[in-house]
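Each chain gets a letter, A, B and so on, in the order its sequence line appears, and its residues count up from 1.
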Number of protein chains: 2
Amino acid sequence: MKLTNKGRYAVMAMADLASNAKGGPISLTEISLRQNISLAYLEQIFLKLKNNKLVRSSRGANGGYVLEKPASEIKLSNIIYAVDEEVKTLNCKKNSKRGCNNKSTKCITHNLWDQLDQHIIGFFEKVKLQDLAKLG
Amino acid sequence: MKLTNKGRYAVMAMADLASNAKGGPISLTEISLRQNISLAYLEQIFLKLKNNKLVRSSRGANGGYVLEKPASEIKLSNIIYAVDEEVKTLNCKKNSKRGCNNKSTKCITHNLWDQLDQHIIGFFEKVKLQDLAKLG
DNA sequence: AAGAATTCCTACTATTTTAGTAGGGATTAA
DNA sequence: TTAATCCCTACTAAAATAGTAGGAATTCTT
């Protein structure tokens with residue numbers, strides 16, 4: 001799992017969407033102003049959120065986005081995965097030549113990172129979008 | 001806290017050092033061969049490990065490194081901090097213009113990342129170098 | 001004394017990732 | 001018909017990471 005600004009922006013924007021729900025859709029322009037994130041960047045992020053069925057869009061004037069599900073049913077892990085895609089903190093297989101190659105020189109720490117992954121994932125699985133109100 | 005290959009290499013090398021202890025110091029050449037990490041890169045890493053009092057060095061032929069403390073007393077957090085230096089998963093203050101600036105538009109998710117930090121740090125605080133034998 | 005093995009230290013470079021910009025097209029409400 | 005909005009792709013700039021290079025200092029062995 002990657003933890004980047006993009007993921008943070010996504011969570012911020014979703015939290016914004018959840019807290020400012022007013023019946024109709026909310027435009028990215030609004031979110032952009034409130035959260036101080038560039039509109040074009042938000043568009044990219046929401047494309048992915050939409051593809052991952054976390055938000056629903058309506059186009060045209062007065063268009064915007066609404067949450068696809070209640071905030072109580074959206075896990076933070078869903079959001080992070082949606083925009084950052086990768087699953088592992090550190091991918092041992094990527095650098096097959098150096099370091100851990102899962103073969104002869106077995107990566108001593110392989111299982112360790114697996115455990116850490118589970119730890120972080122567990123954290124994001126537990127927290128729901130709704131909980132952010134309490135935190136913020 | 002940053003989680004990079006460098007940190008992983010550091011943990012691997014320290015684990016190697018712990019498991020191959022033989023009384024005298026162990027050279028980076030050995031570790032380099034066993035763990036398949038470039039010697040020059042290891043040198044950089046061990047410089048930091050040494051500055052952080054995790055290993056002790058002896059120079060010259062037959063020189064090398066030994067653990068400064070028993071493996072049971074070295075926490076993984078010590079190792080990661082030593083080489084990767086930074087403490088926070090995502091630094092909100094860095095990008096002061098966009099996103100979270102801790103001011104007017106308060107970062108909704110600020111506390112969230114703090115919690116995550118504590119979570120990850122807690123994990124690395126719990127695990128000792130000695131424990132890696134069980135994991136690997 | 002010489003040579004080899006090693007740590008020590010700094011600077012550089014290439015690659016990858018992240019962050020963000022740009023521009024135009026499609027759709028819809030007023 | 002116009003303005004507001006989503007939709008989509010491509011590009012670029014900046015930062016971080018990973019790794020290389022080269023040489024100096026130290027110590028053991030012969």
Side-chain angles (χ1 to χ4, degrees), chain A residues 1-10 12-13 17 24-33 35-51 55-66 80 83-86 88-92 94-100, chain B residues 1-10 12-13 17 24-33 35-52 55-66 68 80 83-86 88-92 94-100:
Chain A
M1 173 179 296
K2 275 191 277 188
L3 302 172
T4 65
N5 265 337
K6 185 183 280 187
R8 192 159 62 83
Y9 286 169
M12 286 169 67
L17 209 52
I26 293 177
S27 74
L28 293 190
T29 311
E30 275 185 65
I31 299 179
S32 167
L33 290 172
Q35 301 301 330
N36 204 24
I37 304 169
S38 106
L39 177 60
Y41 206 26
L42 271 180
E43 286 180 340
Q44 287 182 32
I45 291 171
F46 271 79
L47 215 52
K48 297 192 174 184
L49 292 175
K50 191 192 168 194
N51 290 340
V55 296
R56 196 172 344 116
S57 70
S58 47
R59 305 177 70 171
N62 296 334
Y65 293 90
V66 292
I80 307 271
V83 298
D84 277 341
E85 288 153 359
E86 256 183 52
K88 313 214 85 182
T89 42
L90 284 172
N91 195 342
C92 275
K94 233 180 201 170
N95 322 6
S96 54
K97 286 184 193 165
R98 297 215 158 275
C100 165
Chain B
M1 173 178 297
K2 275 191 276 187
L3 301 172
T4 64
N5 265 337
K6 186 184 281 187
R8 192 158 61 83
Y9 285 169
M12 286 170 66
L17 208 52
I26 293 178
S27 75
L28 294 189
T29 311
E30 274 185 65
I31 299 179
S32 168
L33 290 172
Q35 300 300 330
N36 204 23
I37 304 169
S38 105
L39 177 59
Y41 206 25
L42 272 180
E43 287 179 340
Q44 288 183 31
I45 290 171
F46 271 79
L47 215 51
K48 297 191 174 186
L49 293 175
K50 190 193 167 191
N51 289 340
N52 283 268
V55 296
R56 197 170 344 117
S57 71
S58 48
R59 305 177 71 172
N62 297 333
Y65 293 89
V66 292
E68 178 80 43
I80 307 273
V83 298
D84 278 340
E85 288 152 359
E86 256 182 52
K88 314 214 83 182
T89 42
L90 285 172
N91 194 343
C92 277
K94 233 180 202 169
N95 322 5
S96 54
K97 286 184 194 165
R98 298 215 156 274
C100 165

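- Proximity note for B:Lys50 (side chain, C-beta onward) versus D:dC6, D:dA18, C:dC8: the nearest is C:dC8.
- At least one side-chain nitrogen or oxygen of B:Tyr65 sits closer than 4.0 Å to the OP1 or OP2 atom of C:dC8.
- Between the P atom of D:dC8 and the OH atom of A:Tyr41 lies a distance of 19 Å, rounded to the nearest Å.
- Counting distance only, with no hydrogens placed and no angle test, the side-chain atoms of B:Arg59 and the base atoms of D:dT26 include no donor-acceptor pair under 3.5 Å.
- The phosphate of D:dT5 (OP1 or OP2) has no side-chain N or O of A:Ser57 nearer than 4.0 angstrom.
- Rounded to a whole Å, the CG atom of B:Leu39 is 12 Å from the C1' atom of C:dC8.
- Between B:Val83 and B:Lys48 the shortest heavy-atom distance is O-NZ, 3.6 Å.
- Protein atom CD1 of B:Ile45 is 15 Å distant from nucleotide atom C1' of C:dT7, rounded to whole Å.
- Between the CZ atom of B:Arg56 and the P atom of C:dC8 there is a distance of 12 Å, rounded to whole Å.
- Between D:dA16 and B:Thr4, no contact under 4.0 Å exists linking OP1 or OP2 to a side-chain N or O.
- Closest to the side chain of A:Ala61, from the set C:dT28, C:dA19, C:dT7, is C:dT28.
- Rounded to a whole Å, the CG atom of B:Leu49 is 16 Å from the C1' atom of C:dC9.
- Each of B:Gly64 and A:Gly7 has a nearest nucleotide on DNA chain C; the 5'-most of these lies closest to B:Gly64.
- Which of C:dC9, D:dT5, D:dT20 sits closest to the side chain of B:Ala40 comes down to D:dT20.
- Taking both residues in full, the closest heavy atoms of A:Leu42 and A:Ala13 are given as CD2-CB, 4.0 Å, listed atom of the first, atom of the second, then distance.
- OP1 and OP2 of D:dT17 both lie 4.0 Å or more from every side-chain N or O belonging to B:Tyr9.
- Look at CD on A:Glu43: it is 14 Å from C1' on C:dT27, rounded to the nearest Å.
- The side chain of A:Asn62 places no N or O atom within less than 4.0 Å of a non-bridging phosphate oxygen (OP1 or OP2) of C:dT28.
- A perpendicular orientation is assigned to the rings of B:Tyr41 and B:Tyr9, their planes being inclined by more than 60° (bins at 30° and 60°).
- Considering only side-chain atoms of B:Leu28, the nucleotide from D:dT5, C:dT28, C:dT7 that sits closest is C:dT7.
- Taking each heavy atom of B:Ser38 and B:Ser32 in turn, the nearest pair found is C-OG, 4.2 Å.
- Between A:Phe46 atom CZ and D:dT5 atom P there is a gap of 14 Å when expressed in whole angstrom units.
- A pairwise comparison of heavy atoms in A:Ile80 and A:Gly7 identifies CD1-O, 4.3 Å as the closest pair.
- Of the listed nucleotides (C:dT7, D:dT9, D:dA3), D:dT9 has the atom at the smallest distance from the side chain of A:Gln44.
- For the pair B:Leu42 CG and C:dC9 P, the computed distance is 17 Å after rounding to whole Å.
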